[in-house]
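Data first, discussion second: the structure below is written as structure tokens.
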Amino acid sequence: MVSTRAKLTAAFVAGMLVVTVTLFLAVLTARNNAVYHDIAQYAAAQGDLAARVITEAAQSNQKLVATADTALIPRLSPKVSDRLQAIPGYIVVVDTAGRAVYRSNDVLRLKPQDMATMQTQLADLPKSGEALIFSLDSLQEKLLFVSHSLAGAPGGLSRIASGAVATRASTIPREYMLDSLLIVPLIIIAAGTGAFLFLGRTQRQLAEITTEVAAITDGRSLHRRLALSEDTTDFADLVTTLNAMIGRLEASFGALRRFTADASHELKTPLAVLRADVERAMMETSSQTERMVALEEALQEVKRMTDLVESLLTLARADEGRFDIHREPIELQPLVQEVYETALILGEAQGVTVNLPFTTDVVVMADRTRLRQLFLNLVTNAIKYTPAGGKVELGLGRHPDNVTFAVRDTGIGISAADFPHVFERFWRADRVRSRMSERGGFGLGLAISQWIAQAHGGTLTASSRLGRGSLFTVTLPIATAGQRS
Ligand code: ADP
């Protein structure tokens with residue numbers, strides 16, 4: 001198979017060939033135009049000279065045309081003719097009847113058939129000063145003629161046709177041809193070799209990057225990065241982009257590994273407790289009451305595990321973008337009222353006062369179950385992390401474009417060092433204590449809450465001070481009139 005390097009070199013050489021040949025032809029055309037212009041000017045100058053001789057003769061009242069009795073065609077007087085013969089080149093003076101009254105020596109030396117050709121051609125010579133080019137067979141030359149008007153000259157003279165050899169203007173000079181035949185291939189060979197060598201370097205650099213990327217992405221070396229060496233400087237941007245991509249891959253692989261490890265760890269404890277409970281229940285020496293207690297505890301652990309698996313499933317679906325959110329117009333006030341009533345019961349059990357000082361009438365497009373889960377998560381957290389005697393305050397506020405549901409507590413708060421991690425999966429400020437405590441969670445509640453807020457086009461933000469309390473705020477877009485109907 002032809003390599004990319006060879007293909008690119010061939011394309012480059014073909015391009016260079018087209019450019020060079022076009023350039024060669026353009027230079028040739030420009031040069032021919034210049035030569036053609038010079039010859040035309042030369043011929044015109046000869047015509048001017050001849051016209052001046054005739055005009056001067058007319059002004060000095062010399063006889064211009066001598067008509068011999070026997071001759072049918074009038075001829076210029078010998079005196080004027082002699083003076084005109086001093087001008088070199090092809091000169092023909094024509095009278096108003098289109099007859100040649102004077103021919104220069106160069107014209108007279110032409111073979112009769114060439115003379116006839118010239119006569120026919122000159123009959124068509126444009127009067128405007130445009131040049132006419134034609135070739136004469138036996139002379140094997142091209143001639144260029146221009147016309148010079150003698151209108152008003154005495155003796156019935158009409159115009160002068162003056163010409164010069166113009167073969168040079170339409171032939172490619174030998175030396176130019178030879179130079180081009182030598183230079184063009186040299187340019188092409190030099191350019192082709194240069195391109196081939198350059199592409200070789202490029203290909204080597206790409207091969208090096210490819211090998212390195214393959215070595216890094218085998219899964220175990222994601223901590224490594226591509227080096228920006230001398231050999232890869234041409235691809236600095238690519239190397240930087242690939243390094244950024246490897247960085248992201250490393251981060252997500254790390255997160256995945258941590259997630260799996262955390263999930264297994266979280267399941268290990270309830271499973272161990274469950275096993276111990278079942279073993280206790282099965283012991284022959286156990287009394288009926290002991291069996292019941294063991295089974296009750298086992299049931300608790302099963303419930304805990306079910307909750308964990310459900311949370312994991314929710315997050316896995318959210319990650320995949322495969323979640324069921326059925327959005328419909330929801331009146332927030334009754335929903336918040338319902339959450340508040342639940343909070344009152346939870347708070348009472350915990351010795352925490354719960355208030356709802358302000359609420360508003362507003363409709364959002366949301367999934368009722370998910371929204372309820374989000375609000376309850378925040379409220380239960382607030383109560384859970386507020387010691388007895390503390391206060392939890394809920395509030396529903398309306399703004400021009402959105403609505404906010406805020407939960408403020410006077411609880412234990414979160415330290416500045418811990419705060420950046422609150423929305424991370426499986427993160428808990430105090431792992432050991434929360435696992436031991438009866439209501440200890442898995443550290444997935446806030447991650448799920450944040451996902452729910454974002455899935456509704458909103459946000460979940462927090463602020464907290466250790467020992468002073470926390471504030472969690474959900475912001476949701478208000479349903480438009482069109483969505484509500
Ligand atoms: P959990 O089920 O453990 O409560 P969350 O994701 O809901 O998991 O919360 C993660 C951690 O954030 C909690 O373990 C707790 O340390 C901290 N946290 C959440 N809400 C509050 C709050 N209102 N006050 C203090 N700490 C909080």
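In this text, all values refer to a predicted model and were calculated from it rather than measured experimentally. Counting convention: from 1, in listed order, for ligands and their atoms alike.
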Under 3.5 Å, is there a donor-acceptor pair between the side chain of N243 and the main chain of R225?
-> no

Between the main-chain N or O of F198 and the side-chain N or O of T202, is there a donor-acceptor pair closer than 3.5 Å?
->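 Yes, T202 side chain to F198 backbone: donor-acceptor pair under 3.5 Å.
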
Do I325 and H456 pass the side-chain contact (heavy atoms from CB on, under 4.5 Å) test, and can you show the C-alpha distance, the side-chain angles, and the key distance before you say yes or no?
-> CA-CA 9 Å; I325 284 212; H456 283 85; 4.0 Å; yes

List every atom of ligand 1 that sits less than 4.0 Å from any heavy atom of [X], numbering the atoms from 1 in the order shown and giving each element.
X: L444; result: 6 (O), 8 (O)
X: A429; result: 14 (O), 16 (O)
X: K384; result: 1 (P), 2 (O), 4 (O)

Just one of V403, D401, T404 clears the side-chain contact (heavy atoms from CB on, under 4.5 Å) bar with T475, so which one?
-> T404

Of the side chain and backbone of L378, name the one, both, or neither that has a heavy atom under 4.0 Å from an atom of ligand 1.
->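 None of L378 does.
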
Under 4.0 Å, heavy atoms only, figure out whether ligand 1 is touched by the backbone of W427, its side chain, both or neither.
->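 The answer is both, backbone and side chain.
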
Go through the steps for I478 and R398 under the test side-chain contact (heavy atoms from CB on, under 4.5 Å), then give the verdict.
-> CA-CA 9 Å; I478 297 176; R398 194 192 170 117; 4.1 Å; yes

Would you check whether [X] has a nitrogen or oxygen atom less than 3.5 angstrom from a nitrogen or oxygen atom of ligand 1?
X: G445; value: yes
X: G443; value: yes
X: V422; value: no
X: S470; value: yes
X: L446; value: yes

Examine ligand 1 and decide if any of its atoms is less than 4.0 Å from a heavy atom belonging to F423.
->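 It does not; every heavy atom stays at 4.0 Å or beyond.
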
Does a side chain donor of either Q300 or E296 reach within less than 3.5 Å of an acceptor in the other side chain?
-> no

Provide the closest heavy-atom pair for [X] versus [Y] in the form atom of the first, atom of the second, distance.
X: F358; Y: G397; value: CE1-N, 4.0 Å
X: V392; Y: T386; value: CG2-OG1, 4.1 Å
X: S464; Y: S470; value: OG-OG, 2.9 Å

Heavy-atom proximity to atom 2 (O) of ligand 1 ranks first, among G411, G441, A447, S449, for G441

Tell me which one of V379, N381, I383, T380 gets a heavy atom nearest to atom 7 (O) of ligand 1.
->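 When every heavy atom of V379, N381, I383, T380 is considered, N381 comes closest to atom 7 (O) of ligand 1.
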
